[in-house]
Amino acid sequence: MANRSAGEIAIVNALRRLKPGEVVAYGELARRAGLPGRARWVARVLAYSPVDDLPWHRVLRADGRIAFAHGTEAFTQQVQRLQAEHVNVINGRVRMPAPGDSLDALLWRAVPSAD
DNA sequence: GCTGTGACTCCTT
DNA sequence: AAAGGAGCCACAG
């Protein structure tokens, strides 16, 4: 039996494990799903997965920036969803967790940025 | 089966 | 801070 969508299922499961207010990078989510280096696969799953109740808005680029261009509908919607979960977003950027910060930082501090 | 594309990431100027 | 390039891999043509 082909494991055609095994990775996709793992990605969706990892996504479902995210708690409100918790954000991760595409690559980090891929790593949690047991698929290191498959960040682009995560992005594709978020874009095309038939499951539509996924917390896609909790996934950001590795530097904490939203993956969409400013002014797009997707960008605006992601910012709104994040703010609804008390995630501070400034100029399309969120502070990514440092390795030691983990549990204390359920709410991530905003990072000022020029953009 | 080869080529181009992309909601990515890392390294090197 | 910004830009270029390589690696990555599923998918469409």
Side-chain angles (χ1 to χ4, degrees):
Chain A
M1 143 178 208
N3 60 334
R4 183 167 78 184
S5 52
E8 193 172 328
I9 291 172
I11 290 170
V12 169
N13 285 339
L15 200 49
R16 289 192 188 280
R17 284 197 294 273
L18 295 178
K19 302 195 286 190
E22 181 185 7
V23 295
V24 293
Y26 292 88
E28 170 66 17
L29 187 67
R31 194 181 61 77
R32 293 187 187 185
L35 299 165
R38 314 295 191 270
R40 308 194 83 138
W41 197 1
V42 171
R44 205 192 69 76
V45 169
L46 263 47
Y48 296 107
S49 172
V51 187
D52 63 327
D53 58 336
L54 298 175
W56 57 270
H57 56 282
R58 299 182 188 141
V59 188
L60 311 169
R61 287 189 178 165
D63 59 3
R65 294 200 292 151
I66 285 175
F68 300 103
H70 293 59
T72 64
E73 193 160 338
F75 177 92
T76 302
Q77 210 173 109
Q78 184 164 14
V79 172
Q80 283 182 337
R81 285 171 179 257
L82 286 173
Q83 288 178 339
E85 297 182 351
H86 304 161
V87 176
N88 245 327
V89 184
I90 291 188
N91 292 328
R93 179 181 286 200
V94 167
R95 172 177 245 226
M96 294 303 277
D101 275 351
S102 56
L103 294 184
D104 288 334
L106 185 61
L107 276 61
W108 308 19
R109 274 173 292 175
V111 156
S113 108
D115 182 35

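Worth knowing before you read on, the calculation uses all heavy atoms, side chains too, and leaves out hydrogens, waters and symmetry mates. For clarity, every value in this text was computed on a predicted model and none was experimentally measured.
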Could you run down nucleotides 3-8 of chain C 5' to 3' and tag each one B, S or - for protein heavy-atom contact under 4.0 Å?
-> ----BB
Here the gap from A:R17 atom CZ to A:E22 atom CD, rounded to the nearest 0.5 Å, amounts to 10.0 Å
With a 4.5 Å heavy-atom cut-off, do A:L18 and A:R32 have their side chains touching?
-> yes
Take A:V23 and A:E28 through the test side chain to side chain contact (heavy atoms under 4.5 Å, CB included) and record every step on the way to the result.
-> CA-CA 10 Å; A:V23 295; A:E28 170 66 17; over 6 Å; no
Pairwise side-chain contact, A:L15 with A:L46, heavy-atom cut-off 4.5 Å (strictly under) | yes
Nucleic acid contacts of residues 27-34 of chain A, taken as heavy-atom distances under 4.0 Å to DNA chain B = A:G27
P gap between B:dA7 and C:dG13, integer Å | 15 Å
Between A:A14 and A:A33, which heavy-atom pair has the shortest distance, and what is it?
-> CB-CB, 4.1 Å
Which pair of non-hydrogen atoms, one from A:A62 and one from A:A25, has the smallest distance, and what is that distance?
-> CA-CB, 3.7 Å
In the 5' to 3' direction, the nucleotides of DNA chain B bounding the stretch that comes under 4.0 Å of a heavy atom in chain A are B:dG6 to B:dC10
Is there a side-chain contact between A:V24 and A:R58 (heavy atoms, below 4.5 Å)?
-> no
Give the intermediate values and the outcome of side chain to side chain contact (heavy atoms under 4.5 Å, CB included) for residues A:W56 and A:Q78.
-> CA-CA 8 Å; A:W56 57 270; A:Q78 184 164 14; 3.8 Å; yes
Tightest non-hydrogen contact, residues A:A69 and A:F75, listed as O-CB, 3.3 Å
In whole angstroms, the gap separating C1' of C:dC9 from CD of A:E8 amounts to 14 Å
Heavy-atom pair of closest approach, residues A:W41 and A:G7 | CH2-CA, 3.6 Å
